[in-house]
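Below is one structure; the comments refer to it alone.
Here is the naming used below: chain letters follow the sequence lines, and residue numbers restart at 1 for every chain. From a predicted model like this one, the values you see are computed outputs, not experimental measurements.
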2 protein chains.
Amino acid sequence: MEPNGLSKADQAHQHVLEGITSGHYQPGDRLVLSTIANELGMSVVPVREAIRRLQTDDLVQFQRNVGATVTGIDPVEYRYTMETLALTEGYSTAQCAPLVTNETLEKARGINEQMRALVAQDFAPEKFTELNEQFHSALFEHHQNPHILDLVHRGWNRLAALRSSTFSFVPSRAISSVAEHEQLLTLIADGAEFSVIESAARNHRLNTLNAYLNHHAKSTTIDF
Amino acid sequence: MEPNGLSKADQAHQHVLEGITSGHYQPGDRLVLSTIANELGMSVVPVREAIRRLQTDDLVQFQRNVGATVTGIDPVEYRYTMETLALTEGYSTAQCAPLVTNETLEKARGINEQMRALVAQDFAPEKFTELNEQFHSALFEHHQNPHILDLVHRGWNRLAALRSSTFSFVPSRAISSVAEHEQLLTLIADGAEFSVIESAARNHRLNTLNAYLNHHAKSTTIDF
DNA sequence: TCTCCCGAAATCGTATACGATCTGTATGAG
DNA sequence: CTCATACAGATCGTATACGATTTCGGGAGA
């Protein structure tokens, strides 16, 4: 009688997505339809639909007649994801740059200062990663191509799912990251050219990726 | 006893996707679950799943309790799609460039010559668009980031769905397009830098978009 | 003891059924 | 004649049911 505005399939999608990004569902965990259906008090049909939707976002892997598992940590996949994110995020940042207000700029600076403080004293990778996302998110507040924005969000979700915060593995990267953020803000404030900002934002992300790759060039086995 | 390897949901997905890209389903057409289910000799459940998958690719629009329609030609959506494609295709082209063999290069040249001939004599927009896709596809033959490659393919599917071949509206664009192709091939053959190739490939696509936008300069002005 | 095969449990895939919601049309009041 | 309302048809959303497939463990035979 009351159309909540969100169908059960949507609820399920939201629930599982939340579960994956929050870490409640760990990489490799099985996602059994009937179990989730019971948890949410619905039948398996909407759950199934939700899982399939997550599959197209590469957040879960599906094997026919077997079931779904949360996409695991694969260094190769991590690389692909980060590279794609560098591409989309870099473009988005450049595109939004002219629309960023001073107010927003100040807000981003504040977040970056928090990150700097975090590095200095009591370094916590998860908190740092969260602030990192907030920082970049602030620069996207204004309208742009929603398709590309969507791709950025998918990338973030995927990273969250991978639980592969580079800062956990390569803490030293955090220092450079903060510095690059400041550099990026300066470029935006000065109204730098599109290509300059895009390049800076893209390389910022690629540098993080490279820090990870270099770090793992030696330790062959990766286990969590 | 049917390790067909192809579930009914997959069949339905393939069928509808094919129907959209081939033009059998026109933009704006309604996609009624039960109808399609009957056509394929299955129940509505797999069809429903297929439609939802197509929805996440923005190939169909879905309204709750109403149904799905093939995504129509919306100049704004066209702009978003082309811009995203410029971004992903440009990067892909640059990334694959060092791996392109002389053989492939020749093949691409051949396709481009076909396009040139087509412009000169009996111009057919659909055929031209098809060759255009073949041309770019040839440059992607070698491995690269599959995520980004997937995004390129999604973009192509979407364009096919929109049936919005710019060349139908702005035939003059075809001439420039062929010239830009040749330029791009030269850059690749000469082993130009990543950023140069990316920029060329991206602008190639953006130029096509701008040709369309200028031609339809009745709506809001969109600047880059 | 080891290997192979069979059967049960778990889980997915799909069909069918039915209630919920939307859309369009007809009807009646003003 | 116009507009609001009610009803009917179409279509979707979800639950339930059942067949299909995989996985895994245990027993028979070598």
(message) For nucleotides 10-16 of chain C, give me one character per nucleotide, 5' to 3': B if any protein heavy atom sits under 4.0 Å from the base, S if the only such contacts are to the sugar-phosphate, - if neither.
(response) -SSSSBB
Under 3.5 Å, sequence neighbours excluded: what are the donor-acceptor pairs made by side chains of residues 32-42 of chain B?
{"residue": "Asn38(B)", "atom": "ND2", "partner": "Ser34(B)", "partner atom": "O", "Å": "3.3"}

Under the side-chain hydrogen bond (donor to acceptor under 3.5 Å, both in side chains) rule, collect the residues that match up with [X], sequence neighbours excluded.
X         : result
Gln144(A) : Ser92(A)
His181(B) : Asn112(B), Asn132(B), His136(B), His204(B)
Thr93(A)  : none
Arg52(B)  : Glu49(A), Gln55(B)

(request) Please name all residues satisfying ring pair (Phe, Tyr, Trp, His ring centres under 6.0 Å) with His24(A), sequence neighbours left out, ordered by chain then number. (result)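 By the ring pair (Phe, Tyr, Trp, His ring centres under 6.0 Å) rule, His24(A) matches no residue at all.
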(request) Output every pair passing salt bridge (Lys or Arg N to Asp or Glu O under 4.0 Å) with a member in residues 203-212 of chain A, not counting sequence neighbours, ordered by first then second residue. (result)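 Applying salt bridge (Lys or Arg N to Asp or Glu O under 4.0 Å) to every pair that reaches into residues 203-212 of chain A, excluding sequence neighbours, yields Glu89(A)-Arg205(A).
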(message) What does the 5'-to-3' dot-bracket notation of DNA chain D look like when only Watson-Crick and G-U wobble pairs under 3.5 Å count, and pairs to other strands show as |?
(response) ||||||||||||||||||||||||||||||
